[in-house]
Protein chains: 2
Amino acid sequence: MKLITRETDYAVRALMCLANNQGMVMPVEKIVREIKLPHAFARRLIQVLAREGIVRSVKGKNGGCELAKNLDKIKLVDIMAIFQGDVCLNECLFKKNICPNRSTCPLRKKIRAIESLVLKELRSITLATLMH
Amino acid sequence: MKLITRETDYAVRALMCLANNQGMVMPVEKIVREIKLPHAFARRLIQVLAREGIVRSVKGKNGGCELAKNLDKIKLVDIMAIFQGDVCLNECLFKKNICPNRSTCPLRKKIRAIESLVLKELRSITLATLMH
DNA sequence: TTTAATGATACTATAATTGTATCATTTGTC
DNA sequence: GACAAATGATACAATTATAGTATCATTAAA
Ligand code: FES
Ligand code: FES
């Protein structure tokens with residue numbers, strides 16, 4: 001049961017890499033050299049981050065990318081949302097018919113509560129936190 | 001990002017079904033009729049639960065299965081472990097080399113903390129809770 | 001004009017999840 | 001003992017999600 005997929009993992013690593021070079025535009029090639037991940041995968045990944053406004057990219061020679069926001073504005077949970085969709089720990093175990101009192105169902109409440117806990121924690125993790 | 005797979009979901013439903021018929025041995029056929037799930041899938045699922053000692057099964061005519069433990073001894077987290085493996089929300093995002101201070105890494109601590117929270121909550125959910 | 005970069009996007013491979021099928025074994029009942 | 005109704009064990013197939021690859025177009029500095 002993975003909370004974070006490898007793609008998110010890579011993305012965060014790449015972002016940390018950019019964070020270490022703030023102010024400079026860094027080509028994907030360089031990121032790939034610093035953190036070990038497949039080249040083509042990295043390309044696509046950065047393209048997505050650029051489209052999502054997490055990084056700013058510069059085309060052409062001497063191009064590359066840099067963080068588009070402040071470290072403390074880039075949340076882990078947002079990166080997760082981009083690559084894995086929203087954090088949603090299963091809406092209802094028992095889809096309709098088994099549970100007669102859906103609105104007051106204790107399990108439903110519990111799962112929701114767990115989700116809130118996880119979200120609260122995840123929201124508190126930013127690139128700034130990670131770089132400490 | 002699913003915390004619970006469909007197999008676990010089905011398993012819990014089936015167990016709740018058995019809980020509603022405590023003291024009686026119930027054939028899988030009957031479970032399948034009560035909660036909607038594929039017959040062959042249910043067969044295999046119950047077989048696993050029997051092997052794991054969650055239900056007790058009776059072979060032969062008039063056979064079937066029943067809960068092997070008290071409602072409050074059957075934890076959601078154990079059913080999850082059987083069908084999905086241990087709850088482990090990603091050991092370390094950055095596998096070695098990126099994080100220099102592995103032992104004090106703040107992210108590591110955070111992820112671990114989230115895992116503990118989730119586990120604590122999950123452990124408190126038993127069949128008894130679910131039947132309330 | 002060449003070169004080094006990104007943008008867009010289609011494709012393949014692998015693994016996990018979900019679902020199916022078969023045959024053997026057990027046990028109550030006629 | 002034969003039959004029927006159940007589980008045990010286990011192999012297989014289908015679908016979906018994740019992980020990874022490849023290609024061609026576009027941009028801009030040198
Ligand atoms: S389990 Fe879903 S409403 Fe009760
Ligand atoms: S991120 Fe894993 S040790 Fe720091």
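The figures that follow rest on heavy atoms only: side chains count, while hydrogens, waters and symmetry mates do not. Order of the sequence lines fixes the chain letters, A, B, ..., with proteins taken first and strands second; residue numbering starts at 1 for each chain. Owing to the predicted nature of the structure, the values given are computational and were not obtained by experimental measurement.
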**Request:** List for me each residue that meets side-chain contact (heavy atoms from CB on, under 4.5 Å) alongside B:Val77, sequence neighbours excluded, and say none if there are none.
**Result:**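 side-chain contact (heavy atoms from CB on, under 4.5 Å) check on B:Val77 returns B:Lys75, B:Val87, B:Leu119, B:Leu122, B:Arg123.
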**Contact list for residues 55-81 of chain B, test ring pair (Phe, Tyr, Trp, His ring centres under 6.0 Å), sequence neighbours left out** = none
**Pairs involving residues 60-85 of chain A, ordered by first then second residue, that meet ring pair (Phe, Tyr, Trp, His ring centres under 6.0 Å) (sequence neighbours left out)** = none
Protein-nucleic acid N or O pairs under 3.5 Å, nucleotides 28-30 of chain C:
unit_1	atom_1	unit_2	atom_2	d
C:dG28	O3'	B:Asn62	ND2	3.2

**Item:** For DNA chain D, the residues among residues 20-29 of chain B that have a non-hydrogen atom under 4.0 Å from it
**Value:**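 Nucleic-acid contacts, sorted: B:Pro27, B:Val28.
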Atom-to-atom span, [atom1] of [X] to [atom2] of [N] - whole angstrom:
{"X": "B:Leu45", "N": "C:dT17", "atom1": "CG", "atom2": "C1'", "answer": "13 Å"}
{"X": "A:Lys30", "N": "C:dA4", "atom1": "NZ", "atom2": "P", "answer": "16 Å"}
{"X": "B:Glu7", "N": "D:dT15", "atom1": "CD", "atom2": "C1'", "answer": "15 Å"}
{"X": "A:Asp9", "N": "D:dG20", "atom1": "CG", "atom2": "P", "answer": "10 Å"}
{"X": "B:Arg56", "N": "D:dA6", "atom1": "CZ", "atom2": "C1'", "answer": "17 Å"}
{"X": "B:Arg13", "N": "C:dT18", "atom1": "CZ", "atom2": "C1'", "answer": "14 Å"}
{"X": "A:Phe41", "N": "D:dA17", "atom1": "CZ", "atom2": "C1'", "answer": "12 Å"}
{"X": "B:Ile4", "N": "C:dA16", "atom1": "CD1", "atom2": "C1'", "answer": "17 Å"}

**Request:** Go through the structure and list residues passing side-chain hydrogen bond (donor to acceptor under 3.5 Å, both in side chains) with A:Thr129, not counting sequence neighbours.
**Result:** A:Thr126
**Asked** Taking only residues two or more places apart in sequence, or in another chain, which ones meet A:Gln84 in a side-chain hydrogen bond (donor to acceptor under 3.5 Å, both in side chains)?
**Response**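 side-chain hydrogen bond (donor to acceptor under 3.5 Å, both in side chains) check on A:Gln84 returns A:Thr8.
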**Message:** Side-chain N or O of B:Thr5 versus OP1/OP2 of C:dT18: is the shortest distance under 4.0 Å?
**Reply:** yes
**Asked** Does a side-chain N or O from A:Tyr10 land closer than 4.0 Å to OP1 or OP2 of D:dA19, or not?
**Response** no
Side chains of residues 38-55 of chain B: which donor-acceptor partners sit under 3.5 Å, not counting sequence neighbours?
unit_1	atom_1	unit_2	atom_2	d
B:His39	ND1	B:Glu29	OE2	2.8
B:Arg44	NH2	B:Glu7	OE2	3.4

**Message:** I need the full list of salt bridge (Lys or Arg N to Asp or Glu O under 4.0 Å) pairs touching residues 59-74 of chain B, with sequence neighbours left out, sorted by first then second residue.
**Reply:**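 Output for this query lists B:Arg56-B:Glu66.
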Can I get a per-line list of side-chain donor-acceptor pairs under 3.5 Å for residues 14-26 of chain B, giving both atom names and the distance, sequence neighbours left out?
unit_1	atom_1	unit_2	atom_2	d
B:Asn20	ND2	B:Met16	O	3.4
B:Asn21	ND2	B:Cys17	O	3.2

Test of understanding: clusters of I, L, V, M, F, W, Y form through side-chain heavy atoms closer than 4.5 Å, transitively. Do [X] and [Y] belong to the same one?
{"X": "A:Val28", "Y": "A:Ile82", "result": "yes"}
{"X": "B:Leu71", "Y": "B:Ile125", "result": "yes"}
{"X": "B:Leu76", "Y": "A:Leu117", "result": "no"}

**Message:** Do A:Ile111 and B:Ile4 have side chains that approach each other closer than 4.5 Å (heavy atoms only, starting at C-beta)?
**Reply:**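 The answer is yes; the side chains approach within 4.5 Å.
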**Request:** Determine whether A:Leu67 and A:Leu127 make a side-chain contact, defined as any pair of heavy atoms from C-beta on separated by less than 4.5 Å.
**Result:**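 Contact flag for A:Leu67/A:Leu127 side chains = yes.
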Check: protein-nucleotides 7-13 of chain C nitrogen or oxygen pairs below 3.5 Å:
unit_1	atom_1	unit_2	atom_2	d
C:dG7	OP1	A:Ser57	OG	2.4
C:dG7	N7	A:Arg43	NH2	2.8
C:dG7	N7	A:Gln47	NE2	2.9
C:dA8	OP2	A:Arg51	NE	3.4
C:dA8	N7	A:Gln47	OE1	2.6

**Asked** Quick one, which residues of residues 79-86 of chain A touch DNA chain C with a heavy atom under 4.0 Å?
**Response** none
**Asked** Is there a side-chain contact (heavy atoms from CB on, under 4.5 Å) between B:Asp9 and B:Thr5 once you walk through the steps?
**Response** CA-CA 6 Å; B:Asp9 181 335; B:Thr5 65; over 6 Å; no
